[in-house]
2 protein chains.
Amino acid sequence: MEFKEAKNKFVQTWGALGSQWGINKTMAQIHALLMVSKEPLSMEDIMEELQISRGNASMNIRALMDWGIVYKEFKQGERKEFFTAEKDLDELAIKIAKERSKREIKPALKVLKEVSTGVEEKSTEAKYFAEQTDKLYEFVLKTDNIIEKATEYKDNWLTKLLMKMMK
Amino acid sequence: MEFKEAKNKFVQTWGALGSQWGINKTMAQIHALLMVSKEPLSMEDIMEELQISRGNASMNIRALMDWGIVYKEFKQGERKEFFTAEKDLDELAIKIAKERSKREIKPALKVLKEVSTGVEEKSTEAKYFAEQTDKLYEFVLKTDNIIEKATEYKDNWLTKLLMKMMK
DNA sequence: TTAAACTTTCAAAAATAATTGAAAGTTTAT
DNA sequence: ATAAACTTTCAATTATTTTTGAAAGTTTAA
């Protein structure tokens, strides 16, 4: 397999995986590209390599930086900005987990709490609803807590998590 | 808060959460609705409650059944089909995890393996690419294995996983 | 201060995904 | 075998999301 071909296949696959997980395809592709690039890339490089517009590149790079998984770099004597990906995979996983927890899980938990406790009605149906949403609340909360604990440790987090839970 | 209002809020929230995780909104809403319904619902019920077409209901119910998290039920003397959600949350999580692993992670792993080992070229760039994709492969594989182990246990899976890993 | 080099913004366009609804298909009862 | 009751399919439509590209904004150098 040609290097170029392999790189393209990787970038496409990572992009498709991103889509399936609610992440914009281009965003995932830029990330993929930066993951396998030894040297930081400029916006031009990225536009060129992925065949995308300047606006698209700009917006998605910004989104990746907001997630804290892509960094801006400056090169000696160069005016333009360069970008690199967070390449420590544990760190990457932690950042993504934390961000998704903050943006999606926490708000959902808030709503679950509200609806599970906020209904006065005492019909069988309403009681069942409260029961189920409460269970869901507890479950999601538990899951989120595990993620939170796990991300307190950077290296070998699972082992360390186990240690703490066992003591 | 009115029961109806709360139910609606829950269904909408669950639907939005689904979208953010790459799951069709209606699919997530149907699932949400069934989660809080004590009695099985018919396709009519679902169409009515979510204000969606018959085709939409049919396709998304089928998808939920393919995921193994919604079941068909038959009622005494009734001709039409009724549906219920898997309400055991551990079981639900396991099914979702397994299905996503099978559909998305496993195929991605295959590609990662291919591209990380398939490039002959010996340039610095190509070597770096192979290195990075290999690391990614190992990481995703490790993560997928943890999920796999975790889902071997239905109840209190984490504790049991720990036991096994500790021995 | 000016202008070149570069980045961001955002309305419009394009691409993608979800939804509809009616026809075709299936099952059940008689 | 027929028809009523119900479900599925899928081409066309609609809604949503992404992308473009040019104008506006920013920074740097001289």
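Below, chain A is the first sequence line, B the second, and so on; all start at residue 1.
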**Student:** Heavy-atom count around B/Glu104 CD within 6.0 Å, excluding the residue itself: above 12?
**Tutor:**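 Yes, enclosed.
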**Student:** Where the side chain of B/Ser37 meets the backbone of B/Pro40, is there a donor-acceptor pair that is under 3.5 Å apart?
**Tutor:**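 No; zero donor-acceptor contacts below 3.5 Å.
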**Student:** Less than 6.0 angstrom from the centroid, inside 45 degrees of the normal: does A/Arg100 satisfy that with respect to the ring of A/Trp21?
**Tutor:**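 The answer is no; the distance or angle limit is not met.
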**Student:** Verify, without hydrogens or angle tests, whether B/Gln132 (side chain) and A/Met35 (backbone) share a donor-acceptor contact under 3.5 angstrom.
**Tutor:**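 Checked: pair present.
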**Student:** Specify the residues of residues 72-83 of chain B, ordered by number, for which at least one heavy atom lies under 4.0 angstrom from an atom of DNA chain D.
**Tutor:**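 Per residue number, the list reads B/Arg79, B/Lys80, B/Glu81.
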**Student:** Got a sec? Which of residues 49-59 of chain A come in under 4.0 Å of DNA chain C, heavy atoms?
**Tutor:**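 Heavy-atom cutoff 4.0 Å gives A/Arg54, A/Gly55, A/Ser58, A/Met59.
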**Student:** Yes or no on side-chain contact (heavy atoms from CB on, under 4.5 Å) for A/Lys7 and A/Leu33, after CA distance, side-chain angles and deciding distance?
**Tutor:** CA-CA 8 Å; A/Lys7 185 152 97 178; A/Leu33 184 60; 4.2 Å; yes
**Student:** Heavy atoms of chain B, cut-off under 4.0 Å: which first and last nucleotide of DNA chain C, 5' to 3', fall inside that, if you could look?
**Tutor:**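 Endpoints of the contacted stretch of DNA chain C: C/dA18 to C/dT28.
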**Student:** What residues from residues 64-71 of chain B pass a heavy-atom cutoff of under 4.0 Å to DNA chain D?
**Tutor:**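 Going residue by residue through residues 64-71 of chain B, none turns out to have a heavy atom under 4.0 Å of DNA chain D.
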**Student:** Specify the residues of residues 18-47 of chain A, ordered by number, for which at least one heavy atom lies under 4.0 angstrom from an atom of DNA chain C.
**Tutor:**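 Under 4.0 Å from DNA chain C: A/Met43.
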**Student:** Does CD belonging to B/Glu99 count more than 12 external heavy atoms closer than 6.0 Å?
**Tutor:**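 Enclosed.
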**Student:** In chain order, what residues pass the side-chain contact (heavy atoms from CB on, under 4.5 Å) check against A/Ala16, with sequence neighbours excluded?
**Tutor:**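 Checked A/Ala16 against side-chain contact (heavy atoms from CB on, under 4.5 Å); zero matches.
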**Student:** Show me the pairs that pass salt bridge (charged side-chain N to carboxylate O under 4.0 Å, His left out) and involve residues 17-43 of chain B, at least two apart or across chains.
**Tutor:**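 Counting only pairs at least two positions apart or across chains, no salt bridge (charged side-chain N to carboxylate O under 4.0 Å, His left out) contact touches residues 17-43 of chain B.
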**Student:** Tell me the bend of the helix from C/dT1-D/dA30 to C/dT30-D/dA1 as the angle between end helix axes, each from five pairs, rounded to the nearest 10 degrees.
**Tutor:**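 That helix gives 20° between its end axes.
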**Student:** Checking B/Lys110 now: which residues fulfil side-chain contact (heavy atoms from CB on, under 4.5 Å) with it, not counting sequence neighbours?
**Tutor:**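 Listed in chain order: B/Glu114.
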**Student:** Run the side-chain contact (heavy atoms from CB on, under 4.5 Å) test against A/Asp144 and tell me which residues pass, sequence neighbours left out.
**Tutor:**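 With neighbours one apart ignored, the set is A/Ser101, A/Ile105, A/Lys106, A/Leu109, A/Glu148.
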**Student:** Would you say A/Leu92 and A/Trp67 make side-chain contact, with heavy atoms under 4.5 Å?
**Tutor:**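 When only atoms from C-beta onward are counted, A/Trp67 and A/Leu92 do not touch, as no gap falls below 4.5 Å.
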**Student:** Ignoring hydrogens and angles, tell me if any N or O in the side chain of B/Lys95 forms a donor-acceptor pair with the backbone of B/Gly68 under 3.5 Å.
**Tutor:**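 Side chain of B/Lys95 to backbone of B/Gly68, a donor-acceptor pair under 3.5 Å: yes, one is there.
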**Student:** Do any N or O atoms from the side chain of A/Ser42 and from the backbone of A/Asp45 form a donor-acceptor pair under 3.5 angstrom?
**Tutor:**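 Yes, A/Ser42 side chain to A/Asp45 backbone: donor-acceptor pair under 3.5 Å.
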**Student:** Between A/Ser58 and A/Arg54, is there a donor-acceptor pair closer than 3.5 Å when you use the side chain of the first and the backbone of the second?
**Tutor:**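 Checking the backbone N and O of A/Arg54 against the side chain of A/Ser58, no donor-acceptor pair under 3.5 Å is found.
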**Student:** Check residues 72-82 of chain B and write down every donor-acceptor pair under 3.5 Å in which the side-chain atom is one partner and the other belongs to a residue at least two apart or another chain.
**Tutor:**
{"residue": "B/Lys72", "atom": "NZ", "partner": "B/Glu81", "partner atom": "OE2", "Å": "3.1"}
{"residue": "B/Glu73", "atom": "OE2", "partner": "B/Thr84", "partner atom": "OG1", "Å": "3.3"}

**Student:** So, using side-chain contact (heavy atoms from CB on, under 4.5 Å) as the criterion, who are the partners of B/Lys113 when residues are at least two apart?
**Tutor:**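 side-chain contact (heavy atoms from CB on, under 4.5 Å) check on B/Lys113 returns B/Thr117, B/Tyr137.
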**Student:** So, B/Glu2 side chain and B/Lys4 main chain: donor-acceptor pair closer than 3.5 Å or not?
**Tutor:**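 No; judged by distance alone, with no hydrogens or angles, the pair does not exist.
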